[in-house]
Each structure stands twice: as structure tokens, then as C-alpha cells.
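Sending over a structure as C-alpha cells; questions will come in a sec.
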Amino acid sequence: MLADPIIQIAGILDEAEARMLVENGVRRLGFPIGLDVHREDLPEEEAAAVIQALGLGPRAWLITYLDDPHSIATLCESLGCAGVQLHGPISEGRVAELGALRPGLQVIKSLIVRDGNLAELEARVAAFAPHVDGFITDTFDPATGASGATGKTHDWEVSRRLVELSPRPVILAGGLTPENVARAIEAVRPAGVDAHTGVEDEHGRKDPGRIRAFVAGAGEAFAAAGGNKRERS
């Protein structure tokens, strides 16, 4: 079962960056490997070394566009990660097969928001919910064809609708920064948030000050959202 709330930072460049993230309160680290239009931040062997050196285990998640269950299961085992985010065009049958191959592996399926596709995403939630532990909403970029990791926000009303109807937790991603994460959590009420480029400096490295601000802003917003839920109950 997914921890709640989740604060995830994706795209780790090396061991020093991973250590900095952990020391500044990041609860989960995402390692993108097996991508489509994106460049990998860290090769498989180096990512595995970082995960092992810092004992990340439960905090480390694979982010991949692979769609073969055996390849995904093998990669997760090689990395030593606790779970996987599936961003590729994988079918619910193959996700179920992955669950059979690795019963203890936590699985999240991406829901890529683009103009006018709410009905499609609602159908995906219904189809994949029996086979996954959660979902992550992210943004499609028509200029590059990238499905996620675009650094762009999307219509948060769509994500809010998916949170409301999904029987599984929903994490919000897509253009989140220290400046907008609190507003995003208030608007969407997700189970977690994920950031990548929005917490980086001009050199593409995670900035400690922006990480601290993101974690603090998200933590305060989650606490407030929890309080609001208790007041309404």
C-alpha cells in the first residue's frame, strides 16, 4: 500500500544528489530508466549503485516506459527498488502479468492529461485499478510528444476529478515547483506530489534551497488538507 502523503523527486544524477534529497526530507526518489523521448539521468548500473550505497530500498522507484513485464521485473530486481511507475503504452493484461511475476512489487500507472481526454482517463482508471497500487497524473507536451516529465502543468480540475473517482491513490505531477505545489495540493487533494525540473537550478541539478522549499510547502499543504477533511467529516 502506498504511503500517504508522498513527496517524490525524480531524476537523480548521482549519489551526492540522492543523499542531499534524503537529508532534506524527500520521502521517495524516482529513477527514470528505459525511456522514450527523454534522456536517462543515470544509467542502470549507476542507479543500482546509488540505491545500494544509500540503502534507499523502500524509497527508490523505477520510472520507465518499458512495456514488457519480464523486462520490467528484471530491471526492478537489478535496481533493488520498491516499486515502479509505468508511463509507457502498456496494457492492463501486461500489468497484471507483472504483478504475478513480482507479487511484492508496488505498481503505479501514469495517466497523461491532454486536452479533452478526461473520459479516456476515467476509463483507464477503471481498467487498471484492479492491477495497480496507485496512479500518477502528468502532462502531455504536443511540441515534443513527451508523455510526462515535460515541466508543464495541466488542468488540475482533471486531476481532481480522477482523485475523486479513483479507488486507488493518485499522485500529482507535471510542472510542480516550490511556488505552486501548495496551490496544487489544495486544488487536487492528491495522495502525493512529484517534481523533477521544477526543483532544479540553471545547470540541471537539484537545488537544495528549492528542495527544502518544495518539501516544506508540500508538507504544510498536506497537513492543511488533512485538517480540512477532518473538519468536513
Side-chain angles (χ1 to χ4, degrees), residues 2-13 17-18 20-22 24-32 35 37-38 41 59-63 83 85-87 108-115 118 121 134-144 146-164 166 168-226 228:
L2 300 180
D4 186 8
I6 295 159
I7 299 176
Q8 174 172 291
I9 302 297
I12 287 73
L13 294 179
E17 187 167 270
M20 180 274 290
L21 295 176
V22 172
N24 283 286
V26 175
R27 300 172 188 172
R28 207 163 77 186
L29 283 69
F31 293 83
L35 309 182
V37 302
H38 299 291
D41 301 283
R59 295 187 184 218
W61 279 61
L62 167 65
I63 299 171
Q85 287 178 200
L86 301 173
H87 287 257
I108 290 177
K109 181 69 183 75
S110 69
L111 301 169
I112 303 302
V113 180
R114 66 183 80 197
D115 290 343
L118 176 58
L121 295 179
F135 295 99
I136 183 167
T137 61
D138 211 336
T139 309
F140 177 73
D141 185 355
T144 64
S147 296
T150 64
K152 298 178 181 294
T153 57
H154 55 261
D155 183 353
W156 289 341
E157 286 297 322
V158 173
S159 284
R160 176 63 179 257
R161 170 60 181 160
L162 297 175
V163 167
E164 291 172 343
S166 174
R168 304 294 188 191
V170 177
I171 299 167
L172 175 66
L176 297 183
T177 69
E179 293 77 21
N180 68 12
V181 66
R183 287 187 287 109
I185 291 169
E186 181 180 5
V188 178
R189 300 300 178 90
V193 289
D194 168 275
H196 190 159
T197 58
V199 291
E200 292 178 348
D201 61 22
E202 64 273 20
H203 305 295
R205 294 194 65 87
K206 304 298 184 292
D207 179 83
R210 292 187 66 75
I211 291 294
R212 286 191 292 271
F214 186 87
V215 171
E220 292 170 6
F222 279 126
N228 291 339

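Numbering of residues begins at 1 and proceeds along the displayed sequence.
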key: Heavy-atom check, side chain of I211 versus side chain of M20, under 4.5 Å   =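 The answer is yes; the side chains approach within 4.5 Å.
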request  = State, with a plain yes or no, whether a side-chain heavy atom of L118 is found less than 4.5 Å away from one of V113.
outcome  =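 Not in contact.
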task = Please name the pair of heavy atoms, one in A184 and one in L176, separated by the smallest distance, quoted to 0.1 Å.
result =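 Closest heavy-atom pair between A184 and L176: CB-CD2, 3.8 Å.
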task = Could you grab the distance from atom CG of L121 to atom CZ of R161, nearest 0.5 Å is fine?
result =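 So the gap between those two atoms works out to 11.5 Å.
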task = Just do the side chain to side chain contact (heavy atoms under 4.5 Å, CB included) check on N24 and V215 with the steps written out, would you?
result = CA-CA 8 Å; N24 283 286; V215 171; 5.6 Å; no
key: P190 side chain reached by I171 side chain, heavy atoms, under 4.5 Å   =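 A side-chain contact is absent here, since even the closest heavy-atom pair is not under 4.5 Å.
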query = For L13, which residues count as a side chain to side chain contact (heavy atoms under 4.5 Å, CB included) partner, sequence neighbours excluded?
reply =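 Listed in chain order: E17, D41, R205.
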query = What are the two closest non-hydrogen atoms of A221 and A182, and how far apart are they?
reply =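 Residues A221 and A182, closest heavy atoms: CB-CA, 3.8 Å.
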task = Can you measure from NE2 (H203) to NZ (K206) and round to the nearest 0.5 angstrom?
result =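 If I round to the nearest 0.5 Å, the distance is 14.0 Å.
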inquiry  = Ignoring hydrogens, what is the shortest heavy-atom contact between G175 and N180? Give both atom names and the distance.
reply    =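 Heavy-atom minimum between the residues: O-ND2, 3.1 Å.
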Results of side chain to side chain donor-acceptor pair (under 3.5 Å) for R210 - residues two or more places apart only =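 By the side chain to side chain donor-acceptor pair (under 3.5 Å) rule, R210 matches E179.
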request  = Give, for atom CZ of R189 and atom CZ of F222, the distance between the pair rounded to the nearest 0.5 Å.
outcome  =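 R189 CZ to F222 CZ: 10.5 Å, rounded to 0.5 Å.
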query = Hey, does V22 have a side-chain heavy atom less than 4.5 Å from the side chain of L29?
reply =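 Yes, side chains in contact.
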query = Got a second to check how far L21's CG is from I12's CD1, nearest 0.5 Å?
reply =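 The distance works out to 5.5 Å.
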key: Minimum side-chain heavy-atom gap I112-D138 below 4.5 Å   =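 Side chain of I112 against side chain of D138, heavy atoms only: contact under 4.5 Å found.
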key: Nearest atoms (heavy-atom pairs only) where I7 meets A218   =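 Distance-wise, the nearest heavy atoms are CD1-CB, 3.9 Å.
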key: Any R160 side-chain heavy atom under 4.5 Å of E164 side chain   =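 Yes. Closest side-chain heavy atoms under 4.5 Å.
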ask   = Can you tell me how far the NE2 atom of H87 sits from the CG atom of L62, to the nearest 0.5 Å?
value =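 Interatomic distance, H87 NE2 to L62 CG, rounded to 0.5 Å: 9.5 Å.
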request  = Determine the minimum heavy-atom distance between S166 and R168, stating which atoms define it.
outcome  =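 Closest heavy-atom pair between S166 and R168: OG-O, 2.7 Å.
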inquiry  = Going by side-chain contact (heavy atoms from CB on, under 4.5 Å), F214 matches just one of I9, V26, D207. Which one?
reply    =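 Testing each of I9, V26, D207 against F214, the sole residue satisfying side-chain contact (heavy atoms from CB on, under 4.5 Å) is I9.
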inquiry  = To check you understand the geometry: which heavy-atom pair defines the closest contact between S159 and H154, and what is its length?
reply    =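 The pair with the smallest heavy-atom distance is OG-NE2, 2.8 Å.
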task = Answer whether the closest heavy-atom distance between the side chains of I63 and H196 falls below 4.5 Å.
result =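 They are not in contact (no side-chain heavy atoms under 4.5 Å apart), so the answer is no.
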request  = Can you measure from OG1 (T137) to CG (L172) and round to the nearest 0.5 angstrom?
outcome  =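 Result: 4.5 Å between the selected atoms.
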request  = Check for a donor-acceptor pair, side chain of T153 on one end and backbone N or O of G174 on the other, with a separation under 3.5 Å.
outcome  =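 Not confirmed, T153 side chain does not pair with G174 backbone.
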